[in-house]
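Here is the structure we will look at, set down as structure tokens.
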Amino acid sequence: MELVQEAPFRFRIERRPPMRVPGVVFASRDLIAEDQALQQVVNVATLPGIVEASYGMPDLHWGYGFPIGGVAATDVRAGGVVSPGGVGFDISCGVRLLAADLQREELAPRLTRLMDILDATIPRGAGPGGVWKLSGRAQLDELLRKGARYAVEQGHGVARDLERCEDQGAVADADPDQVGDRAIKRGLGQVGSLGSGNHFLEVQAVEQVYDEKVAAAFGLRLGQVCVMIHCGSRGLGHQICTDHVRVMDKAMRRYGISVPDRQLACAPVESPEGRAYLGAMAAAANYSRANRQLLAEATRRAFQKVTGARLDLVYDVSHNLAKLERHDGRLLCVHRKGATRALPPHHPDLPPDLAPFGQPVLIPGTMGTASYVLAGVPDGKAFHSTCHGAGRTQSRHQAARMVSGRELRDRLEAQGIAVRGSSLRGLSEEAPTAYKDIDAVIAASTGAGLCRAVARLVPLGVVKG
DNA sequence: ATGTGC
């Protein structure tokens, strides 16, 4: 793949038919290793209605149809499409950060007990299980419509939590009627659970502050204890993606759409299939936000028991979602897959107290390594988007062959990180060596002008899905 | 990511 360097952290893939726009990858040469992911950037550039460019973030890697770390926007009024592959199977997978009124030294003598309680109370791993047992479909429909707002309404959290959530805790236009019976069935038993893979709940400490003023505005200070929760919409989101890809795969011909890869199945935003997917996707997004709200509440109870400390929500933001947004007067369907929205300072969707500083962006690192808090910048790029994490360099299978779960756990424990896993196999699949260097990804993200660094967090204890 | 694979 021919890459033309345009700036220190910006590469261009020239437009050639059938591409409708060029490809633009924000990264360093070292981070761009996979040709497969670049081919996917090219494939996405052929989608009907795509505008500006098919973008790649610094953590770009191969995914289903679209690359992970990909951003693509289509012009809704010009026949622009929506594609489930541009969101991913884990709809509205995202990150929530809570800040404790507690310093790491104060927690140290109680860390083991805290981790043991979290170990016993945070549902995780594949299959059913969750902190909230729903009474049935009617209650799930409410949750799908109102997301974290419903959880708070039912006593799981406080009103201030919602001010610090993207979309105030719920995406509009969720349509539970577009969620199939199988998805509903899978969703009923998993409300308030982490899941598996790279999902985690970490007790962390602020290890470095890059911008005192912004960190203070976000409620963060050096040495402070935080909790990061990374999870998504579980089997419900997965089933919705599966169901709607199938529908669109069949519908594409009727709309005269041809794509270079069937995994790019899509339909015009303004079509019955497009609207149906967006309605179901929004429902899954709300499931995901309620999920993080409920896990945050379970964590608050654990902290209350062990330390008496309070946990305030810093922010909750998704990195797998399509949104209808207005940019330069046009209504666009912005797909962010493994990419985080990063609103600039003074954007109307920011809560007033954060508006001068830009949106908090939460980047989970690999297990046992650092995580970051970033902020949106005035002259953001790729429709105000940035990276979402380290990005894989090895498949799960490859990773598991390199190191045993037991070895990895012992190594982390030797570093003083308390590990509460759900399976040793799961641990080995998430070995840090299977990922890009998070520090390099952040350096490229800030260097490319996608965001700026606010703070670096290190793990004290890991509850692993 | 996922009741992990057609």
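Numbered from 1 within each chain, the chains take letters A, B, ... in sequence-line order.
Within 4.0 Å (heavy atoms only), A:R392 reaches no atom of the nucleic acid at all. As judged by a 4.0 angstrom heavy-atom cut-off over every strand, A:G195 is placed among residues touching the sugar-phosphate backbone only. If you check every strand for non-hydrogen atoms under 4.0 Å, A:Q190 touches sugar and phosphate atoms only. At the heavy-atom level, A:G235 lies under 4.0 Å from the strands shown only through sugar-phosphate atoms. Note on A:G232: nothing from the nucleic acid sits closer than 4.0 angstrom, heavy atoms only.
We find that CG of A:L236 is positioned 12 Å from C1' of B:dT2, with the value rounded to whole Å. Atom NE2 in A:H238 sits roughly 10 Å away from atom P in B:dT4 (whole-Å rounding). With rounding to whole Å, A:R425 atom CZ is found 12 Å from B:dG5 atom C1'. In this structure, the NZ atom of A:K185 is 16 Å from the C1' atom of B:dT2, given to the nearest Å. Whole-Å rounding puts the A:F89 CZ to B:dG5 C1' distance at 13 Å. Straight-line distance from the CZ atom of A:R234 to the C1' atom of B:dT4: 12 Å, rounded to whole Å. Rounded to an integer number of Å, the gap from A:I68 CD1 to B:dT2 P is 13 Å. Separating the CG atom of A:N320 from the P atom of B:dT2 is a distance of 11 Å, rounded to the nearest angstrom.
Between A:S196 and B:dT2 there is a side-chain polar atom (N or O) within less than 4.0 angstrom of OP1 or OP2.
A:D410 and A:R406 are not joined by a salt bridge, as no carboxylate oxygen comes within less than 4.0 angstrom of a charged side-chain nitrogen. Salt bridge status for A:E429 with A:R425: present, with a side-chain N to carboxylate O gap under 4.0 Å. Salt bridge absent: A:D161 and A:R292 never bring a charged side-chain N and a carboxylate O closer than 4.0 Å.
Comparing A:A126 and A:D90 against DNA chain B, the residue whose closest nucleotide sits nearer the 5' end is A:D90.
Remark: A:D177 engages no residue in a salt bridge (charged side-chain N to carboxylate O under 4.0 Å, His left out) (not counting sequence neighbours).
For the pair A:A444 and A:S28, the tightest heavy-atom approach, listed with the atom from each and the gap, is CB-N, 4.3 Å.
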